[in-house]
Structure formats: structure tokens, C-alpha cells
Amino acid sequence: MDEKKIEKAVVLMLEAMGEEVEREGLKDTPARVARAFCEIFAGYEDSAKKHLSVTFAAEGSGIVVEKDIAVYSVCEHHLLPFFGRAHVAYIPRGKVAGLSKIARTVEVFARRLQLQERLTRQIAEAVEKQLDAEGVLVVIEAEHTCMTMRGIKKPGSRTLTCCALGAFESDAELRREAREMMER
């Protein structure tokens, strides 16, 4: 990421808002924002493949659920945060990922400008492809500040998205079992 370019953009934005960019409270803000953006959007420089390549043999392990993974992302429509929880279930085909690798995969895609619907699908597709999983189910529940602090202003409203692939897409009973595991 180009930190200097981000700093220049923040200066322009502050000036456009009518702020005095050299006043004490704002003097270092462009550099702080640039550093923060490099951290918040680190997913552009990371890959799910890297994380999901760390696997372990596991025959007949049934459904694996990693739930309540904290999600922090930024909506690409208003550049405002959304946050919540992701739940990822998959059926291994002879190999499982290290548990932290599922959370890291969520983070790879969350740390990009996003739509929650796309984020949900990207996580599911990455787990399916990289682990050769028999099925993947991803559910994300999030609150969007573009709905709570502007526009319709409805704090507490949450958006739920779900992506089912493979066995979870075709087998309603399997999907129900995974959802029950996620809700425990």
C-alpha cells in the first residue's frame, strides 16, 4: 500500500471538510490514518491459500465448526465499518486445517473493502477449494454502521448472510445440523 498517497488523500479530504489540517489535533492525522489503513486493509497483501495450506490428516472427522470468529470489515459503498461474527463449518475430505487458519482466512477477506454477501462467499469458496472439503457452510451476522449512524439510523439492526457449498448446499438435514452446532 502507498502510505504517502493515502496521507495526501486524507489531507485533501480534511481540507474539503473545511478543517485546518495544521491545527494541533489534526497535524499528525494523515499519517495516523495511513498507518491504520495499512493495518485495516492488510487482506490485500495476504492470501487464504497461504493459511489453509497448513493441514493435518483426519479421516472421518465429521462436521468441523469454527464459530464466533470476530469480523471487522469496511463497507465499500460508504467506507464505514461493519462488524460481527462469522461461523464456518466444513466437512473434511481426509485433511483439516489448523483451527487458527480458519479464523485467519476470515480475516484475509474481511481486511479488504467488502460487501458482507461477497465476504461470506469468498470465505466459503476458499475453504472449499483449499481444503477440498466435501461441503462448506459460512454464516456471518454483522451490524453495519452505514445503517446505524447515517441513512436510516437503525442501531442494533443486523444483517445475516449464508453461503452453502457442496454437501451443505444439497443436503438440508446436514445444513440444519451444522446450523445447530453454530448456535450452541
Grouping I, L, V, M, F, W and Y whenever their side-chain heavy atoms are under 4.5 Å apart, do Ile91 and Val127 come out in a common cluster? no
For the CD atom on Glu180, are there more than 12 heavy atoms of other groups (residues, nucleotides or ligands in this structure) within a distance under 6.0 Å? yes
I need the Glu45 CD to Met1 CE distance, nearest 0.5 Å. 5.5 Å
Would you check, one step at a time, whether the test side-chain contact (heavy atoms from CB on, under 4.5 Å) holds for Glu183 with Arg179? CA-CA 6 Å; Glu183 293 168 2; Arg179 291 295 299 261; 4.0 Å; yes
Would you mind checking if Glu141 and Arg85 are paired as a salt bridge, meaning a charged N to carboxylate O distance below 4.0 Å? no
Run the salt-bridge test on Glu107 and Arg111 with the 4.0 Å N-O cut-off and return the result as yes or no. yes
Student check: side-chain heavy atoms of Val106 and Ile140 closer than 4.5 Å: no
Begin from the C-alpha positions of Arg104 and Lys50 and carry the test side-chain contact (heavy atoms from CB on, under 4.5 Å) through to its verdict. CA-CA 10 Å; Arg104 288 186 191 283; Lys50 175 180 86 175; over 6 Å; no
In terms of hydrophobic clusters joined by side-chain contacts under 4.5 Å, are Ile123 and Val54 together? yes
Shortest non-hydrogen contact from Pro155 to Thr148? CA-CG2, 3.6 Å
Indicate yes or no: at least one non-hydrogen side-chain atom of Ser73 is less than 4.5 angstrom from one of Arg112. no
Would a hydrophobic clustering, with Ile, Leu, Val, Met, Phe, Trp and Tyr connected at side-chain separations under 4.5 Å, put Phe109 with Ile69? yes
Please report the closest heavy-atom contact between Glu169 and Ala164, naming both atoms and the distance. CB-O, 3.5 Å
Can you get from Met182 to Leu174 by hopping between Ile, Leu, Val, Met, Phe, Trp and Tyr side chains that sit under 4.5 Å apart? yes
To the nearest 0.5 Å, how far apart are OG1 in Thr105 and NE2 in His51? 6.5 Å
Ring-plane angle category for Tyr44 and Phe41, please: parallel below 30°, perpendicular beyond 60°, tilted otherwise. tilted
Please check if the number of heavy atoms outside Leu79 that lie under 6.0 Å from its CG is greater than 12. yes
Acceptor/donor pairs from residues 5-20 side chains to any protein atom, 3.5 angstrom cut, sequence neighbours excluded:
from: Glu19; atom 1: OE1; to: Arg23; atom 2: NE; distance (Å): 3.1
from: Glu19; atom 1: OE1; to: Arg23; atom 2: NH2; distance (Å): 3.2
from: Glu20; atom 1: OE2; to: Glu22; atom 2: N; distance (Å): 3.4

NZ/Lys129 to CG/Leu52 distance, rounded to the nearest 0.5 angstrom? 11.5 Å
Smallest heavy-atom separation, Cys146 atom then Leu80 atom, equals CA-CD1, 3.8 Å
Nearest heavy-atom neighbours spanning Thr159 and His144: OG1-CD2, 3.8 Å
On a heavy-atom basis, which atom in Leu113 and which in Cys75 lie closest, and how many Å separate them? CD2-O, 4.5 Å
Decide, yes or no, whether a salt bridge links Arg35 with Glu39 under the criterion of side-chain N to carboxylate O below 4.0 Å. no
With side-chain contact (heavy atoms from CB on, under 4.5 Å) as the test, would you mind laying out the steps for Cys162 and Leu137 before giving the verdict? CA-CA 7 Å; Cys162 178; Leu137 180 68; 3.5 Å; yes
Do Leu115 and Phe82 sit in one hydrophobic cluster, given that two such residues count as connected whenever their side-chain heavy atoms are within less than 4.5 Å of each other, even indirectly? no
Measure the spacing between CD of Glu143 and CZ of Arg158 and express it to the nearest 0.5 Å. 8.5 Å
In terms of heavy-atom contacts, Arg93 and Ala133 come closest through NH2-O, 3.4 Å
Start with the C-alpha gap between Gln114 and Glu76, add the side-chain angles, then the distance that decides, and say whether side-chain contact (heavy atoms from CB on, under 4.5 Å) holds. CA-CA 5 Å; Gln114 273 297 4; Glu76 68 182 29; 5.7 Å; no
Could you check if a side-chain atom of Val139 sits within less than 4.5 angstrom of a side-chain atom of Leu160, using non-hydrogen atoms only? yes
Ignoring hydrogens and angles, tell me if any N or O in the side chain of Thr55 forms a donor-acceptor pair with the backbone of Val96 under 3.5 Å. no
For Tyr90, which of Ile102, Val65, Ile63 qualifies under side-chain contact (heavy atoms from CB on, under 4.5 Å)? Ile102
Determine, step by step, whether Glu125 and Arg121 satisfy the salt bridge (Lys or Arg N to Asp or Glu O under 4.0 Å) criterion, reporting the C-alpha distance in whole Å, the side-chain angles of both residues, the deciding distance to 0.1 Å, and the verdict. CA-CA 6 Å; Glu125 288 175 346; Arg121 177 159 286 283; 3.2 Å; yes
